[in-house]
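A short write-up of the structure that comes next.
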Amino acid sequence: MTKDEAVAKLEQIATLLDLRGENPFKSRAYRTAARALESLSEDFESVVREGKLDQVKGIGEGIRAKLQELVATGRLTYLEELERSFPAGVVALLEIPGLGPKKVKILWEQLGIRDLEELEAACRSHRVGKLSGFGSKTEENILAGIEQRRSYAAYHRYGDVIGLAEHLVEQLRAHPDVVRVSMAGSFRRGKEIVRDLDLVCSSAKPAAVMAAFISSSGVQRVVNHGETKSSVILEGGLACDLRVVPDEDYPYALLHFTGSKEHNIALRQRAIAQGKKLSEWGLFREARSRFSAGSEDTASERESEGERIRCRDEAEIYAKLGLAYIPPELRENLGEVEAAERNEIPRLVEWTDLRGTFHCHTTASDGHSTLKAMAEAAQESGLEYLGIADHSKSSFQANGLDEERVALQQEEIRKRNKEFRGFRLLSGTECDILRDGRLDFSDSVLASFDYVVASVHAGFSTSEEEMTRRIIRAMENPYVTMLGHPTGRLLLMRKPYPVNLEKIIDCAAETGTWIELNAQPLRLDLDWRWWHAAREKGVRCVINPDAHHVRELGFVRIGVNIARKGWLRREDVINTLPLKLVEKALRKKRGGGG
DNA sequence: GCCGTTTTCGGCCCGACTGTTTTCAGTCG
């Protein structure tokens, strides 16, 4: 029984207690206990076994007994009882926006609704609107919520599939008959949302590789199984295709299946203009030249396509087309072919360029790891500095810090900094941008931080003009270092709030305010589509993990993918700077002007 | 269910918004 599993069980209990309509403070107690357990730095099982749980604030007699049962037997009878009182589908109803425990309880008790399908039917037959507390507007909203969920079901967030994708590649790479293997498709291009995974590999024994692939762990169902192409459904409903080709075909296949379609079309047009032809099978000279040297290879079997130009890898294909190599992230036909022709493909930022990061939370607000643990994890991963930016006081829901607690945290940071060598904690805040664009702290308090992340967390339902004005007002405050998650979107869950990003980017350029690339996989905000233009205007990017747990510090790696997709170079990303230069940049920002 | 102390039960995080209602409950951040 790991700590994380125990935490999950406590949270399940809290949710089920809510559904049962128990005293809300009781379910909160379970959530508090889960948080307390999370920030436990000692080994969970030994703490329970040695009876040290009673020293943990937030875990009392009742929950302690349940954790002891869990560690001793691996079971939790209280949770099992609770689970018996609701069908599994009822819990899933909570994921519909606007439905909380009270409403779900009514739907289950009064209409016997057990899952989303039954809920949809009940809304369509207007049985829901007749319930007390419900109405026609609620029915509409529920139906819209179900519809949204359904349309999202075919899509997956990059961060949710990266583990599976890497696992599949590793499995294939370990196979003795596999020569080369790579992810292809939108995943390889680093798209924030993917529909499926595409794998390309080369082998002289495709049948053996295919057999291994369809039986690999993580495969739930085989849709198609052939010699060169197989399709499977992975756990979690993600579709995955594998293509196996002879090794000499590999570069062309990889290029083709990486796409994008638009990029491929641009490359083909270019090939045609040069008297060549490009397809997934190769790059060919026109048929009339097929008697020239080197025509004995497999291309001679496809005489109508002419002689294949041999390329050992993708870079050679680009070179034969008179182009510089184009990294997969840029292959969207958004100017990369033209840039490659002029040899102006930027040298994109790499995740190993990052020297530090800002915008991390701790247990002081809504984070699940302590300041100490975050600092240790950052040092272990080789960072030179880590910025702590817990929530400000208006974010009650996130246990935001008031001025007094800010002072305490700053004191702790000062103390810890005296102990570090070659590493520094920076004291920051994720300060709420209030409804009128004022900030949640006075200027004198803001001045006490090393830096300020200004973010919108409430009041999303406003006009674009109002929201834009609000954010610009905040950015004009000289103490605001950077704008946090500029659109507030949650991928596949919540649309961005309305905001005029052109004006925000212009304002960032004028005031020298950095814009965050929030690397939390749910956000990836600001979107990569805006970065190229922002860079051209001189806006600096800062890649932040928005980490609420030590293991989330690694999110910056996904953020770097997105930055690359946005054409950003190392010099465009502030946190590639070493500590000394970052400190200088922070002072310069304070000094006014960019 | 936990905590604190006011030693045995009362308080536990706040405010805005929506849709329902006709004065407020539920949800969300």
Side-chain angles (χ1 to χ4, degrees), chain A residues 9-37 53-69 76 78-79 82 93-107 123 126 128-145 361 364-366 390-402 404-405 430-436 440 455-463 466-467 470 484-485 487-490 493-497 520 522-523 546 548:
Chain A
K9 298 231 181 267
L10 293 180
E11 276 167 356
Q12 280 173 355
I13 291 177
T15 303
L16 291 167
L17 288 173
D18 281 340
L19 269 182
R20 234 166 54 171
E22 300 259 352
N23 179 354
F25 295 109
K26 190 168 167 180
S27 57
R28 183 187 295 174
Y30 276 93
R31 291 203 172 89
T32 307
R35 295 291 80 76
L37 206 54
L53 267 185
D54 49 4
Q55 293 161 25
V56 182
K57 191 166 177 281
I59 298 178
E61 212 177 320
I63 294 179
R64 186 168 66 228
K66 292 182 176 77
L67 290 174
Q68 280 163 346
E69 181 199 350
L76 220 176
Y78 182 58
L79 175 59
L82 281 169
L93 300 183
L94 290 168
E95 287 165 30
I96 300 294
L99 289 187
K102 301 261 172 59
K103 287 199 157 137
V104 168
K105 182 169 189 275
I106 293 172
L107 290 167
C123 285
H126 302 300
V128 169
K130 294 194 181 72
L131 294 169
S132 154
F134 293 73
S136 59
K137 191 73 191 166
T138 311
E139 275 181 347
E140 280 173 35
N141 288 343
I142 291 175
L143 285 173
H361 297 268
S365 67
D366 62 347
D390 273 311
H391 287 282
S392 62
K393 59 189 185 213
S394 285
S395 281
F396 301 104
Q397 81 286 349
N399 189 25
L401 278 64
D402 60 14
E404 197 179 329
R405 291 172 63 214
E430 184 178 19
C431 186
D432 273 325
I433 299 175
L434 305 178
R435 276 151 215 276
D436 56 3
D440 200 16
S455 306
V456 171
H457 287 116
F460 291 0
S461 48
T462 177
S463 68
E466 193 53 47
M467 184 61 95
R470 181 177 164 191
H485 46 68
T487 75
R489 74 175 180 187
L490 297 178
M493 285 171 67
R494 186 175 76 200
K495 286 188 176 7
Y497 42 68
Q520 149 61 252
L522 266 173
R523 295 187 182 272
D546 199 353
H548 288 70

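What you are looking at is a predicted structure, and each value in this text was computed from that prediction instead of being measured.
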>> Ring-plane angle category for A/H391 and A/H548, please: parallel below 30°, perpendicular beyond 60°, tilted otherwise.
In response: tilted
> Can you find a side chain N or O atom of A/R494 that sits less than 4.0 Å from OP1 or OP2 on B/dG29?
Replying inline: yes
> Heavy atoms under 4.0 Å, any strand shown: does A/K393 hit a base, just sugar-phosphate, or nothing?
Replying inline: nothing
> Would you say a side-chain N or O of A/S27 is under 4.0 Å from OP1 or OP2 of B/dG1?
Replying inline: no
> Between B/dG26 and A/K102, is there an OP1 or OP2 to side-chain N/O distance shorter than 4.0 Å?
Replying inline: yes
>> Below 30° counts as parallel, above 60° as perpendicular, anything between as tilted: where do the rings of A/Y30 and A/Y78 land?
In response: parallel
> Are the side chain of A/D18 and the backbone N or O of A/S27 linked by a donor-acceptor pair below 3.5 Å?
Replying inline: no
When you compare the protein's N or O atoms with those of nucleotides 12-16 of chain B, which come within less than 3.5 Å of each other, and at what distance?
residue: B/dC13; atom: OP1; partner: A/R28; partner atom: NH1; Å: 2.1
residue: B/dC13; atom: O2; partner: A/F396; partner atom: O; Å: 2.9
residue: B/dA16; atom: O3'; partner: A/R435; partner atom: NH1; Å: 3.1

> Quick one: on DNA chain B, does A/S132 or A/I96 contact a more 5' nucleotide (nearest heavy atom)?
Replying inline: A/S132
> Can you tell me if the side-chain N/O atoms of A/N141 get under 4.0 Å from OP1 or OP2 in B/dT18?
Replying inline: no
>> Counting only side-chain heavy atoms from C-beta out, which of B/dC2, B/dT18, B/dG29 sits nearest to A/I63?
In response: B/dC2
> Out of curiosity, A/K103 NZ to A/L107 CG, how far, rounded to the nearest 0.5 Å?
Replying inline: 9.0 Å
> Taking for each residue the nucleotide of DNA chain B bearing the nearest heavy atom, is the 5' side occupied by A/G100 or by A/L131?
Replying inline: A/L131
